[in-house]
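Reviewing the structure listed below.
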Amino acid sequence: MAQPTDHSHQQKPEHNADPAPAGAASPEALAKQFRPIDHEGVIWDRWINARVFHADSSRVLAGAGAEARKPYTILIPPPNVTDRLHLGHAFNNTIQDVLTRAHRMMGFEALWMPGTDHAGIATQAVVEKRLRAYGELKGALKEAFTRDAFVEKIQVFKDEYEAVITGQLKRMGCSCDWDRQRFTMDQQCAEAVREAFFRLFRDGLIYRGKRLVNWDPVLQTAVADDECFDEEIDGNFYYLRYPLVHPHGASTQREREAGTLPPSDAVPVTWSELRARGWDAPEDAAHADEHQAWVTVATTRPETYLGDTAVAINPHDPRAKALKGLCVELPLVGRVIPIVEDSYVVLPESLARTDEGKADPKAKFATGFLKVTPAHDANDHELYQRHKRVMDEFAGGNGRALINIFAPDATISKLHGWSDVGGANIFVGLSREEARRKVVGEFKTRTVGSETSAAALFAKSVPYRHSVPRSDRSKAVVEPYLSDQWYVKVTDERLAKAANEALHSHELNFHPARYAKSYEQWHDNIRDWCISRQLWWGHQIPVWRSGPAGSGDLLALLDKLDRWTSEGRVAYIYDYNPRTVANVLSSPSPRPSDAASFSDHQYAEEQQPATFFVCVRKPRDGEVINALHAVGLLQDPDVLDTWFSSALWPLSTLGWPHATPELAAFNPSSALCTAREIITLWVSRMVMFNRYFMPKGGVEAGGAMVEAQGLGRGPAPFKDVFIHAVIQDGQGQKMSKSLGNGVDPLDIILSHGADAMRFTLCHMATQTQDVRMPVDLVCPHTGEVFAPKFVTNKDGYVVPASIQSSPKDPTKKMVTGYGVASGEVKASAEMPLAKNTSSKFDLGRNFATKLWNAAKFALMILENADKAAGQQESRQKQPVAAASVTLVDRWMLSRLARGVADANSALREYQFSVYAQCVYDLLWRDFCDWYLEAIKPTVEKDASQRAVLRAAIDTMLRLLHPVMPFVTEVLFEAVSRHPRREITGLSLAPPRNSALLASAGWPEASASLIDERAEREFEGMRTLVTAIREVRAQHTVPFKRKIMLHVPPGAPDLGAGRDLAMTLAGLDAISTSAPSGPSVAFSVDALDYRLSNLKDAAEAVDTGAERARLTKVVADLTKSVETLDKRLSNPGYADKAPPHMVQQSKEQLEKARRELAAAQTELSTLA
RNA sequence: GGGCGAAUAGCUCAACGGCUAGAGCACUCGCUUUACAUGCGAGGGGUUCGGGGUUCGAAUCCCCGUUUGCCCACCA
């Protein structure tokens, strides 16, 4: 039931940021301070207006033309429309945007496909809860609303949240191709879902089967596992005795079927008989020979005995042999059920064969006999699958051993599949709890065997604490409930095996690689995928099936169905017996081609209404649908599991089943970025479907229907799967609504800016599984950020206390997100809600500010020079060669070249924190701390240096753009106004679109720019400068005071580093003569340098400070001499370590010894 | 129960068998220094969870244990 949604998003300014103050982003001057909010909206609109995020399939399909590009595609993991995006989404989407923007700049035709997911059960639950909260819904949903009316309510909600989510992504700067935004239930996706279902159904890969679901008896619907929570309760283990009888034999089967078999018909097994069969249980030794024997089962749910259809015993149980061929008779019901052997049954502690077996907690209370209630317990149901033949035979036919004893409201009922009620009528109509008490009561008063026997059916009960699953929504205890469901046969090798093959052939790669293991193991142990849900919000299953009142000329219908089948309009299956249909469908399904003969054969024999399942390919095939309705066939009311449409995401978003240009150009995609929890739910299924529905080698654009061979040999939907870390709070707990520890990305964007948030998140994206982000509070009274006071709540979580005090004024109070979420407090005017934030984002904010200021300074330099030079400089077109520039420029170019290489390899390997760290160090440590400081005295006069400066800032803006798109775009515009001179070896391609950095070329730096000699010389200068600064700090020499450096004879020539050292260390002279006045010595590379003029003549040099400094130097050097000496004196080291290591260590030791001696000499001269 | 991680400075994290174990925040000292105090310079702070092993050499590899997180399965 697809709800057509209009997604023709207009390319119009749509950023919702406050309008920028006049002049804030004016082209003339950059504001003194970087205020993100002044620019984000403006820049966003510029991108959108230029359609710079739009990916054009024609450029991919163009082949080798000038405009031809390789595709780079990322499909967004569509966020659920249940709620606003949280920080985890911000993290996930930042990573995708970094990849998309980087590849767009690298010249790929980059498509980031956006969209949202309808999230079936989650959304329906949220809306239902909302309606209840607003009083619009009371009692059962299905009574209060029609399907259409409720879906309409959800639709309104979905529109609201889809808009919120889309807005959040845009505020973050996500460069999705917003023209192509999809929703998993829009018309295009619905068509893909319909076609995919049809093909799987036609190919025998969808079938109908029985399965236990979590049934919520209050809301009367199935609920998903993740919609349940466990609650520990104090319950009891009840030990019940089941009398042993002989089987009735075949003659009783008909009577049983008719429900007329009297309990007295069973033939008891006596203790003497049992002993004769080899029963040797000490505890039963005292029972009188003539009395009826029994076995004892242990259960927490005695009332379910009404649905028992077997008792199981472990084949290794020594008692099993004596019981072969015997049965038990259920008290009151009179049902005779088989004893089956299954190793699932835990042996009691006394019989356990191994220590492991004895240690099994179940062994403590096990009796060795397990009552099997296949319709009301998942394990029992599995056990039933293994013993289906014998259990069904005893129960009277195929599927009969599945006895459902509950009505949908979980009262005991004989109307939902239970017919052999016998003497158990007294329980009918009772609730589960009432029935439990009454069953126990009856078992206490009744006895095994004859009236004279003393053995009560009830043996004992012992207290037992265990957990029961409850429904999140109604809090009712969930009942395992048997129902008919649709399955995808993913166990078929065309699906699961094909998914693993994609991994083995390296067509699909996980990053980090360890996640491939979870993926592989999942497929190795996969079970068929239940795709039906008893909901209203979702794609309704396109199968029409016989209702209870099926009628009409079925043979005529069959003729029509066969014709429509051959026309590809329907696929159908049917069976004459509703009870067995599940088996017919799950065993090799009759293909459409066999259907006719099958019908001739089966239909003629039994005059019962046939059960049809007709899958209709096109939703508007009126002829077919009307014909089906005419004979009483109705569309299945269930909807598909949300993941069915998600699994088609790489196909549906690109236009499958039509061979669109988009599908041809962008499938398979390049990378999928997601968290590990949905490797199985989503990644696996996308791979299976893409391989199944896409032809080998992809499609040719042309608009025809895509036909695959149906063998699962198509391409995987993506080449790389990047599994990123999960963000937790400061306590290592998951961020969740109920803990109130979530952080809204929009709050961070407001307080720190989108760039700062993105940078910080990227910086956190390490290769580990989890990253912690301590959550702070913003005081609503003062705006201060502070760490809250924590408490441990009843569930053991460490949470902020519900009420917090303002840090500076403790009389002012506020409530926390946790307080509100837990219902402990409500926000009020006196106690407003404190927003969550994290001081971790300061990192990104500071970095953005640094970039802003550095660029502003560089621009000021360039502007001044432009003004002074007039037109002349702009005409200088000849490239600048690295060889012709100064040391610091060569060093900077070398650093840039390395920075580009490092960023490239980090991005290639999905190491986002390495990338962030790399650009951070390049800008802050290299460019700001050293380059800018070094060129201050010279840049005004040196045109080549200005060319390097401009190229450096340009390069860094490009490298930073993927992670900080807004601020770099603003600065790029300003930088672009200055004429650029080519630097040989550094390629900075101009923007392809509207002068926007987002479309500019990724920097390409030739390896020739890497200048090891310049790096070495610069490093030598830097070491000297750092040593001088240390002395200055120790002696508290004012920054502005110029001091004199005395270099010893034999010191290396500073060369080009001489002027740099003077600038950076605050020297006014470098002398080769010894100081005449007071001076301080320090050593670099074991050479004694001295500094003079540290103080005015009147002040004495502080020998205390000097002594302290030297003492530490001596200590450090002593330690390193010891370490190196120890290493070298180890005979194995010289023999086995690589020679260059040994040589290096020797040199280090030599140097350390010389320096130590020098420092010691200095220290002694002080005394 | 099965699988996958983590444990390194007060906090959040790097270091992928070999530099004296490094960053950011916090802390200490100094600095309004004409890009930036959201800053600049300098500094203190480490038994790399514990115990074994492999190796010339271990934070790194292996084994055992402790603590902790996640995913899957299960809970008569």
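The chains referred to below are lettered A, B, ... by the order of the sequence lines, with proteins before strands, and numbering in each begins at 1.
Residue-level contact check: A:Leu843 touches the backbone only, with heavy atoms under 4.0 Å from sugar-phosphate atoms and none from bases. In this structure, A:Phe34 reaches neither bases nor backbone, as no heavy-atom distance under 4.0 Å exists between it and the strands shown. Using a 4.0 Å heavy-atom cutoff across all strands shown, A:Ser518 reaches no nucleic acid atom at all. Across all strands shown, A:Tyr344 has heavy atoms under 4.0 Å from base atoms, whether or not it also approaches the sugar-phosphate. Nucleic acid contact class of A:Thr1036 (heavy atoms, under 4.0 Å, all strands): none. In this structure, A:Asn525 reaches neither bases nor backbone, as no heavy-atom distance under 4.0 Å exists between it and the strands shown. Heavy atoms of A:Gln911 sit under 4.0 angstrom from at least one base atom. Nucleic acid contact for A:Lys371: none, since no nucleic acid atom lies under 4.0 Å from a heavy atom of the residue. Contacts of A:Pro1131 with the nucleic acid, taken as non-hydrogen atoms under 4.0 Å apart, are absent. Heavy atoms of A:Gln728 sit under 4.0 angstrom from primed sugar atoms or phosphate atoms, though from no base atom. Nucleic acid contact for A:Lys1126: none, since no nucleic acid atom lies under 4.0 Å from a heavy atom of the residue. Note on A:Thr766: only backbone sugar-phosphate atoms sit closer than 4.0 angstrom, heavy atoms only; bases stay farther off.
For the pair A:Arg772 and A:Asp729, the salt-bridge criterion is not met [side-chain N within less than 4.0 Å of a carboxylate O]. Using a 4.0 Å cut-off between charged side-chain N and carboxylate O, A:Arg676 and A:Asp770 make a salt bridge. Using a cutoff of 4.0 Å between basic side-chain nitrogens and carboxylate oxygens, A:Arg436 and A:Glu303 are scored as salt-bridged. Salt bridge annotation for A:Asp1125-A:Arg1153: present, with a cationic side-chain nitrogen under 4.0 angstrom from a carboxylate oxygen. The pair A:Asp1116-A:Lys1119 does not meet the salt-bridge criterion, since no charged nitrogen lies less than 4.0 angstrom from a carboxylate oxygen. Taking the charged nitrogens against the carboxylate oxygens, A:Arg1127 and A:Glu1122 have no contact shorter than 4.0 Å, which rules out a salt bridge.
Distances shorter than 4.0 Å separate some side-chain N or O of A:Lys850 from OP1 or OP2 on B:C40. The shortest distance between the side-chain N/O atoms of A:Lys856 and the OP1/OP2 oxygens of B:A35 is not below 4.0 Å. Under 4.0 angstrom from either OP1 or OP2 of B:A14 there lies at least one side-chain N or O belonging to A:Thr768. Contact between the side-chain N/O atoms of A:Trp924 and the OP1/OP2 oxygens of B:C40 is found at a separation under 4.0 Å. Listed pair A:Arg1032 / B:C31 fails the phosphate criterion, with no side-chain N or O lying under 4.0 Å from OP1 or OP2. An OP1 or OP2 oxygen of B:G3 is reached within less than 4.0 angstrom by no side-chain nitrogen or oxygen of A:Lys517.
Here the side chain of A:Val771 is nearest to one of B:C13, B:A76, B:U38, namely B:C13. The listed nucleotides are B:A35, B:U33, B:C13; the one nearest the side chain of A:Lys1040 is B:U33. Listed nucleotides B:A76, B:G57, B:C4 differ in distance to A:Arg514; the shortest reach to its side chain belongs to B:C4. Nearest nucleotide to the A:Glu1030 side chain, out of B:A42, B:C36, B:C4: B:A42. Closest to the A:Glu677 side chain, of the nucleotides B:A14, B:C36, B:C71, is B:C71. Ranking B:U20, B:C11, B:A42 by closeness to the A:Thr1026 side chain, first place goes to B:A42. Of the candidates B:C70, B:A35, B:G18, the closest approach to any side-chain atom of A:Lys734 belongs to B:C70. Closest to the side chain of A:Ser1120, out of B:U33, B:U20, B:A42, is B:U20. Listed nucleotides: B:C56, B:A14, B:C70. Nearest to the side chain of A:Asn1130: B:C56. For A:Arg845, taking side-chain heavy atoms from C-beta onward, the closest of the listed nucleotides B:C74, B:C36, B:U38 is B:U38.
Shown here, B:U34 forms no base pair; nothing in the strands shown gives a Watson-Crick or G-U wobble contact with both key distances under 3.5 Å. B:U20: no Watson-Crick or G-U partner with both key distances under 3.5 Å is found in any strand. Nucleotide B:U28 forms a Watson-Crick or G-U wobble pair with B:A42, both donor-acceptor distances falling under 3.5 Å. Across all strands shown, B:U54 forms no Watson-Crick or G-U wobble pair with both distances under 3.5 Å. Applying the Watson-Crick and G-U wobble criteria (two distances, each under 3.5 Å), B:C4 pairs with B:G69. Pair check for B:A59 finds none; no Watson-Crick or G-U wobble contact set falls under 3.5 Å.
Stacking between A:Tyr1133 and the base of B:C56 is absent under the criterion of ring centres within 5.5 Å and planes under 30 degrees.
Comparing B:G24 with B:C40, their P atoms sit 10 Å apart, to the nearest whole Å. Spacing of C1' atoms, B:U34 relative to B:G39, comes out at 14 Å, to the nearest Å.
Atom CG in A:Asn846 sits about 14 Å away from atom C1' in B:A26, given to the nearest Å. When the P atom of B:C13 is taken as reference, atom OH of A:Tyr920 falls 17 Å away, rounded to whole Å. Whole-Å rounding puts the A:Gln33 CD to B:C36 C1' distance at 10 Å. Between A:Asp1116 atom CG and B:C19 atom P the separation is 17 Å, expressed in whole Å. Residue A:Phe857 contributes atom CZ, which lies 13 Å from atom C1' of B:C40 at whole-angstrom precision. For the pair A:Ile679 CD1 and B:C72 C1', the computed distance is 11 Å after rounding to whole Å. Between the CD atom of A:Gln769 and the P atom of B:C71 there is a distance of 10 Å, given to the nearest Å. One interatomic measurement links the two molecules: CZ of A:Phe759 to C1' of B:U38, which rounds to 14 Å at whole-angstrom precision.
When each of A:Ala1033 and A:Met860 is assigned the nucleotide of RNA chain B with its nearest heavy atom, A:Met860 is the one assigned upstream, toward the 5' end. For A:Arg925 and A:Ala1134, each mapped to the nucleotide of RNA chain B holding its nearest heavy atom, the one lying further toward the 5' end belongs to A:Arg925.
A donor-acceptor pair under 3.5 Å is formed between the side chain of A:Gln767 and the backbone N or O of A:Tyr910.
Side-chain contact of A:Thr296 with A:Tyr242: a donor-acceptor pair under 3.5 Å is absent, judged by distance alone.
A cation-pi contact links A:Arg1022 to A:Trp930, judged by a cut-off of 6.0 Å to the six-membered ring centre and 45° from its axis.
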